[in-house]
Amino acid sequence: MEKLAVVSGGGTGIGAAIATTLATDGYAVLIVGRRPEPLAKVAASHPNITPVVADVADPARVTAVAEAVGEREVDVLVNNAGGFVMSTGDTLADLATQWRGAYDTNVLTAVLLTEALLPRLRRPGGRVILFSSIAAQRGGGGPYSAAKAALHGWVFDLAAQLGPDGVTANVISPGYIADTEFFGTRMTPEGHASRVGQTLVGRAGRPDDIAAAVSWLAGESGGYVTGQIINVNGGSVLGR
Ligand SMILES: NC(=O)c1ccc[n+]([C@@H]2O[C@H](COP(=O)([O-])OP(=O)(O)OC[C@H]3O[C@@H](n4cnc5c(N)ncnc54)[C@H](OP(=O)(O)O)[C@@H]3O)[C@@H](O)[C@H]2O)c1
């Protein structure tokens, strides 16, 4: 039986590492993003990885992922797509645009993709993983923090809804992870050093640190974990 994983945002950063790890674990992996180029690059790195170009915040386009899945069952759905939406100005209209953008990028991406694939989740045994951030637990990101925190409330309902079918739903909440496109040109050497200094282990997180947590949750040994917020942050925020 072929195991199938879907990873949104699989063309870069954390998502690319998750895709590579799950492909190495033996899954066929569909990676989803809006830009074809990064997806093609990751897909070329492993024969189990296939790109699907789709904006998963768009109800009309997320269906492309369900079409790529077809009649197969999805063992693991990793809703990793997300990001920080910058402010474009000082007016209330600009503020509304930024907050709606943050919600689209970090909440609707997960809600629409999960709903689109809900009928195809393997029952029992399926896994749904949402991606939050340390910013949801300690602030610092304004609309980004608020949008990520929304996933914490939603995962409780999702876990309750899917539990009777033998499907788990959890949130992974990363701390600072370097070597991604997340910070764009915003990261400075001082910002990097400050974030490393906030960890207890004295280093930045790596995309592979997060991929390892996904691999564990996806496997047999993750089957009794559901409705949880799982922190992978080097000790930057403790025990929440
Ligand atoms: N890096 C960190 O320190 C950190 C910390 C905490 C949480 N996180 C979270 O971890 C996740 C992965 O981020 P990352 O650090 O790996 O950053 P990244 O390299 O910027 O990855 C984000 C990915 O999401 C995709 N994406 C964004 N909106 C999308 C949409 N509407 N439809 C489809 N794909 C979409 C992007 O591809 P396209 O632009 O091509 O669509 C990109 O591949 C995000 O949810 C982020 O919020 C990151």
Side-chain angles (χ1 to χ4, degrees), residues 6-21 30-43 49 51-65 68 77-86 100-114 116 129-152 171-187 191-192 194-196 198-199 203-211 213-214 229-234 236-237:
V6 175
V7 182
S8 70
T12 64
I14 294 169
I18 293 168
T20 303
T21 295
L30 299 181
I31 54 171
V32 187
R34 293 165 299 186
R35 291 166 297 160
E37 299 80 13
L39 295 174
K41 206 169 155 195
V42 175
I49 302 178
V52 180
V53 177
D55 180 345
V56 296
D58 183 339
R61 299 194 179 186
V62 70
T63 50
V65 187
L77 169 56
V78 186
N79 288 293
N80 159 79
F84 193 91
V85 175
M86 301 296 285
R100 289 197 178 106
Y103 205 80
D104 280 356
T105 302
N106 294 288
V107 183
L108 280 181
T109 47
V111 171
L112 295 180
L113 185 58
T114 301
I129 300 172
L130 312 179
F131 262 76
S132 179
S133 165
I134 194 169
Q137 291 148 308
R138 67 173 185 193
Y144 175 73
S145 298
K148 288 298 197 187
L151 298 172
H152 297 199
V171 168
I172 289 181
S173 181
Y176 172 49
I177 309 298
D179 299 327
T180 76
E181 292 186 358
F182 182 83
F183 291 96
T185 54
R186 285 174 288 139
M187 185 51 70
H192 172 85
S194 155
R195 284 168 177 78
V196 169
Q198 291 160 16
T199 70
R203 69 166 174 86
R206 298 185 276 263
D208 280 345
D209 292 319
I210 307 299
V214 170
I229 315 297
I230 297 164
N231 298 323
V232 186
N233 63 27
S236 301
V237 161

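Quantities reported herein were computed from a predicted structural model and do not represent experimental measurements. Counting starts at 1 for both ligands and their atoms, in listed order.
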| request: Can you label the angle between the Phe84 ring and the Phe182 ring as parallel, tilted or perpendicular, going by 30° and 60°? | output: perpendicular

| said: Within the 4.0 Å heavy-atom shell around Asp55, which atoms of ligand 1 are there? | reply: 30 (C), 31 (N), 32 (N)

| task | Please report the closest heavy-atom contact between Ala110 and Leu130, naming both atoms and the distance. | result | CB-CD2, 4.1 Å

| note | Between the OG atom in Ser173 and the CG atom in Asn233, the distance rounded to the nearest 0.5 Å is 7.0 Å

| Would one find an N or O of Val56, backbone or side chain, under 3.5 Å from an N or O of ligand 1? | yes

| request: Classify the side-chain pair Gln137/Asn231 by whether it contains a donor and acceptor separated by less than 3.5 Å. | output: yes

| request: Could you find the nearest protein heavy atom to atom 34 (N) of ligand 1 and give me its residue, atom name and distance? | output: Gly33 CA, 3.6 Å

| Backbone or side-chain N or O of Thr180 under 3.5 Å from ligand 1 N or O | yes

| Should we count OH of Tyr103 as having more than 12 external heavy atoms under 6.0 Å? | no

| Which residue owns the protein heavy atom closest to atom 37 (O) of ligand 1, what's the atom, and how far is it? | Arg35 NH2, 3.6 Å

| said: With respect to Thr12, determine whether any N or O atom, backbone or side chain, lies less than 3.5 Å from an N or O atom of ligand 1. | reply: yes

| query | Judged by atom type as modelled, is there a donor-acceptor pair below 3.5 Å linking the side chain of Asp209 to the main-chain atoms of Gly205? | reply | no

| query | Heavy atom under 4.0 Å from ligand 1: found in Ile14's side chain, backbone, both, or neither? | reply | both

| said: Other residues, nucleotides and ligands only: do more than 12 of their heavy atoms fall within 6.0 Å of CG on Asp58? | reply: yes

| task | Using modelled atom types only, decide if a donor and an acceptor are shared between the side chain of Asp55 and the backbone of Arg34 within a distance under 3.5 Å. | result | no

| query | With a 4.0 Å cut-off on heavy atoms, is Gly175 touching ligand 1? | reply | yes

| query | Which residue owns the protein heavy atom closest to atom 23 (C) of ligand 1, what's the atom, and how far is it? | reply | Gly9 CA, 3.7 Å

| message | Contact between Val56 and Val65 at the side-chain level, heavy atoms closer than 4.5 Å - yes or no? | response | yes

| query | Under 6.0 Å from the CZ atom of Arg203, do we count more than 12 heavy atoms belonging to anything else shown? | reply | yes

| query | Just heavy atoms, cut-off under 4.0 Å: does Ala54 contact ligand 1 by side chain, backbone, both, or neither? | reply | backbone

| request: Compute the ring centroids of Phe183 and His192, then answer whether they are less than 6.0 Å apart. | output: no

| query | What protein heavy atom sits nearest atom 44 (C) of ligand 1, and how far off is it? | reply | Asn80 O, 3.2 Å

| Which atoms of ligand 1 have any heavy atom of Gly13 under 4.0 Å away? | 16 (O), 19 (O)

| Under 3.5 Å between some N or O of ligand 1 and some N or O of Ile177? | yes

| message | Please list the nearest protein heavy atom to atom 39 (O) of ligand 1 with its residue and the distance rounded to 0.1 Å. | response | Arg34 NH2, 3.0 Å

| note | Judged by heavy atoms only, the candidate from Tyr176, Tyr144, Phe84 nearest atom 8 (N) of ligand 1 is Tyr144

| request: Measure Ser132 to ligand 1 on non-hydrogen atoms and call it side chain, backbone, both or neither using the 4.0 Å cut-off. | output: backbone

| remark: Looking only at protein heavy atoms, what sits closest to atom 22 (C) of ligand 1 is Gly82 O, 3.5 Å

| field | Where ligand 1 meets Ala81 - atom numbers and elements under 4.0 angstrom, heavy-atom basis | value | 24 (O), 26 (N), 34 (N), 35 (C), 45 (O)

| Looking at CZ of Phe131 and OG1 of Thr109, how far apart are the two atoms once the value is rounded to the nearest 0.5 Å? | 12.0 Å

| field | Identity and distance of the protein heavy atom lying nearest atom 6 (C) of ligand 1 | value | Pro174 O, 3.3 Å

